[in-house]
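Predicted, not measured: the structure shown is a model, and the values here were computed from it. Note on naming: letters A, B, ... go to the chains in the order of the sequence lines (proteins, then strands), and numbering restarts at 1 for each one.
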2 protein chains.
Amino acid sequence: MTENDKQTEEKIFEAATEVFTERGMDGARMQDIADHAGINKALLHYYYRTKDHLFNAVFEKIAGQMFKKFAPVFDEKLSLEEKIRFFFKEHITFLQKNPRLPGFLLNEINRNPGRIKKLIQQIDVNKLWLILEAQHKDELKKYNITKETMPQLMSSIAAISVFPFAARGILEGIFEKMNINFNDYMEERKGYAADFVIKAIKK
Amino acid sequence: MTENDKQTEEKIFEAATEVFTERGMDGARMQDIADHAGINKALLHYYYRTKDHLFNAVFEKIAGQMFKKFAPVFDEKLSLEEKIRFFFKEHITFLQKNPRLPGFLLNEINRNPGRIKKLIQQIDVNKLWLILEAQHKDELKKYNITKETMPQLMSSIAAISVFPFAARGILEGIFEKMNINFNDYMEERKGYAADFVIKAIKK
DNA sequence: TTTACATTTGACCGTTTGGTTAAACTATAT
DNA sequence: ATATAGTTTAACCAAACGGTCAAATGTAAA
């Protein structure tokens, strides 16, 4: 009943997450999801009426996870440099555990840019800047950070953290001949990226 | 005729490029490509036997274009800093004219990592480092650049240039509320990115 | 004009796809 | 035990899909 219920619905959701993140919305097959969940295909439609419903459930959960990972930076009582180190360490560690999320998200956002905008509209970027400014008022004078350059800086930080996972196939192809392991590279990147960014923004 | 022949084949290729880059391999429909080219669907199979053939033709051309854009840096007789500025200016300008290529390529590489590896195997990364070292022997002492940190640096440069186009949907969502135009942001990025990287690598 | 060959088309085919349905199964409360 | 309601299944369906084919059209040489 309610116990088993949750089990089945969750099994479906997990199977759908696996298949959708691997093949994308267009490439995913309902039969394949059913097989992964070890159930009948009709049962998918019993819990999630259509493929779209199921996909949206998966997409919104993943997108939410991704964005939440950017938030803790504002809570922590750390210096600016420490925050940057903290972010790269936490974010890359998260992506190491979920290496397919970046590619999946970027692809689905390109396929349907409208969907993500609803989630983004909830973020008050102006407020975020005010918080950051208040937290590091004196500290900020030592860095080339202004409200105007924030978009460039933030997108660069996101790029450095996210891009390697989205472009993993290319990087692994290149690394193969250099005897470099992708996981080692990613582990090293936590520190390299932080040093890189901190040096870049210092006055 | 050979004249008309080229016209038709090219029309198909261009239509296929448009549809494939917009919808991806799985999302693209042969009928849609035929409509875009203004021809019968059977004619697609006359020139390109299968959807796979047509897709591979498009993919390899686009992947080739993308990688070639990284090459001129090694030919130009410029200082290291000038090369970095040259790269971001040229590469971002290219992507401004082809904004869908990054998302398309990253997605298709994730869908089939094996395909790109054949193209990559042709690149001799070790040789590239030797060239760079020879070109900037003395100059390199002023920067934190070694053979060991090259992968981190190069992937960061690529990330800063490519990521905004792949994540355009997210960025535009955020920029909307800040009254920032994506094209203005991209134009500004050519200089910002160069400054950013140069500062990051200076000793 | 006829011949030979390449190009283009509409109609068609078998398969795969997301989705439906009626019946079977399960568990709980009476 | 039996009625009730939720759960699961096998069988099925219509639409969409990539691909085929024979016939029609265009073209250039003999």
Side-chain angles (χ1 to χ4, degrees), chain A residues 1-62 104 107-108 110-112 114-115, chain B residues 1-62 104 107-108 110-112 114-115:
Chain A
M1 276 280 149
T2 311
E3 181 61 17
N4 203 330
D5 207 24
K6 278 265 168 67
Q7 274 182 23
T8 303
E9 195 167 341
E10 207 159 311
K11 254 196 319 188
I12 291 174
F13 190 85
E14 281 167 17
T17 301
E18 198 179 325
V19 174
F20 276 132
T21 51
E22 208 160 299
R23 310 245 183 249
M25 165 67 168
D26 290 330
R29 299 287 157 244
M30 292 298 267
Q31 185 60 59
D32 197 20
I33 295 173
D35 291 345
H36 271 73
I39 53 149
N40 190 284
K41 184 171 64 113
L43 203 51
L44 295 180
H45 293 91
Y46 178 75
Y47 284 98
Y48 301 86
R49 278 215 307 283
T50 65
K51 189 185 183 184
D52 265 305
H53 278 77
L54 182 51
F55 175 80
N56 283 334
V58 170
F59 178 84
E60 279 181 31
K61 171 146 191 193
I62 289 181
F104 168 75
N107 179 39
E108 296 302 335
N110 280 325
R111 205 176 56 85
N112 185 349
R115 184 180 14 232
Chain B
M1 295 226 113
T2 312
E3 181 64 16
N4 201 330
D5 208 23
K6 278 266 168 67
Q7 275 182 22
T8 304
E9 194 167 342
E10 207 159 310
K11 255 194 322 188
I12 291 175
F13 190 85
E14 281 167 17
T17 301
E18 198 180 325
V19 175
F20 275 132
T21 51
E22 209 159 299
R23 309 243 182 251
M25 166 68 168
D26 290 330
R29 300 288 157 243
M30 292 299 267
Q31 185 61 58
D32 197 21
I33 295 173
D35 291 345
H36 270 73
I39 52 150
N40 190 285
K41 185 171 62 116
L43 202 51
L44 294 180
H45 294 90
Y46 179 74
Y47 283 98
Y48 300 86
R49 278 215 307 281
T50 65
K51 188 184 182 184
D52 266 305
H53 278 77
L54 181 52
F55 175 80
N56 283 333
V58 170
F59 178 84
E60 279 181 29
K61 172 148 189 192
I62 289 181
F104 169 75
N107 179 38
E108 296 303 334
N110 278 326
R111 205 177 55 85
N112 185 349
R115 184 178 18 231

Does [X] have any side chain to side chain donor-acceptor pair (under 3.5 Å) partners at least two apart in sequence or in another chain, and if so, which?
X	answer
A:Asn107	B:Asn107
A:Arg49	none
A:Asn40	none
B:Arg29	none

Acceptor/donor pairs from residues 13-26 of chain A side chains to any protein atom, 3.5 angstrom cut, sequence neighbours excluded:
unit_1	atom_1	unit_2	atom_2	d
A:Thr17	OG1	A:Phe13	O	2.8
A:Thr21	OG1	A:Thr17	O	2.6
A:Thr21	OG1	A:Glu18	O	3.1

Item checked: Sorted by number, the residues of residues 14-40 of chain A with heavy-atom contact under 4.0 Å to DNA chain D ->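 Contacts with DNA chain D under 4.0 Å: A:Ile39, A:Asn40.
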Note to self: What residues from residues 52-61 of chain B pass a heavy-atom cutoff of under 4.0 Å to DNA chain D?
What the structure shows: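 Going residue by residue through residues 52-61 of chain B, none turns out to have a heavy atom under 4.0 Å of DNA chain D.
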Looking at [X], I'd like to know whether one of its side-chain N or O atoms comes within less than 4.0 Å of OP1 or OP2 on [N].
X	N	value
B:Tyr47	C:dT8	yes
A:Thr50	C:dG18	no
B:Thr8	C:dT8	yes

Notebook entry, point to check: Please give, in whole Å, the distance from D:dA15 C1' to A:Lys51 NZ?
Noted result: 15 Å
Next item on the list: Would you kindly give the CG-to-P distance between B:Leu43 and C:dA6, to the nearest whole Å?
Entry: 15 Å
Check: Under the criterion side-chain hydrogen bond (donor to acceptor under 3.5 Å, both in side chains), which of A:Lys51, A:Arg115, A:Lys61 is the partner of A:Asn56?
Finding: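 When side-chain hydrogen bond (donor to acceptor under 3.5 Å, both in side chains) is applied between A:Asn56 and each of A:Lys51, A:Arg115, A:Lys61, only A:Arg115 qualifies.
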Next item on the list: Quick one: list whatever passes side chain to side chain contact (heavy atoms under 4.5 Å, CB included) with B:Glu60, sequence neighbours left out.
Entry: none
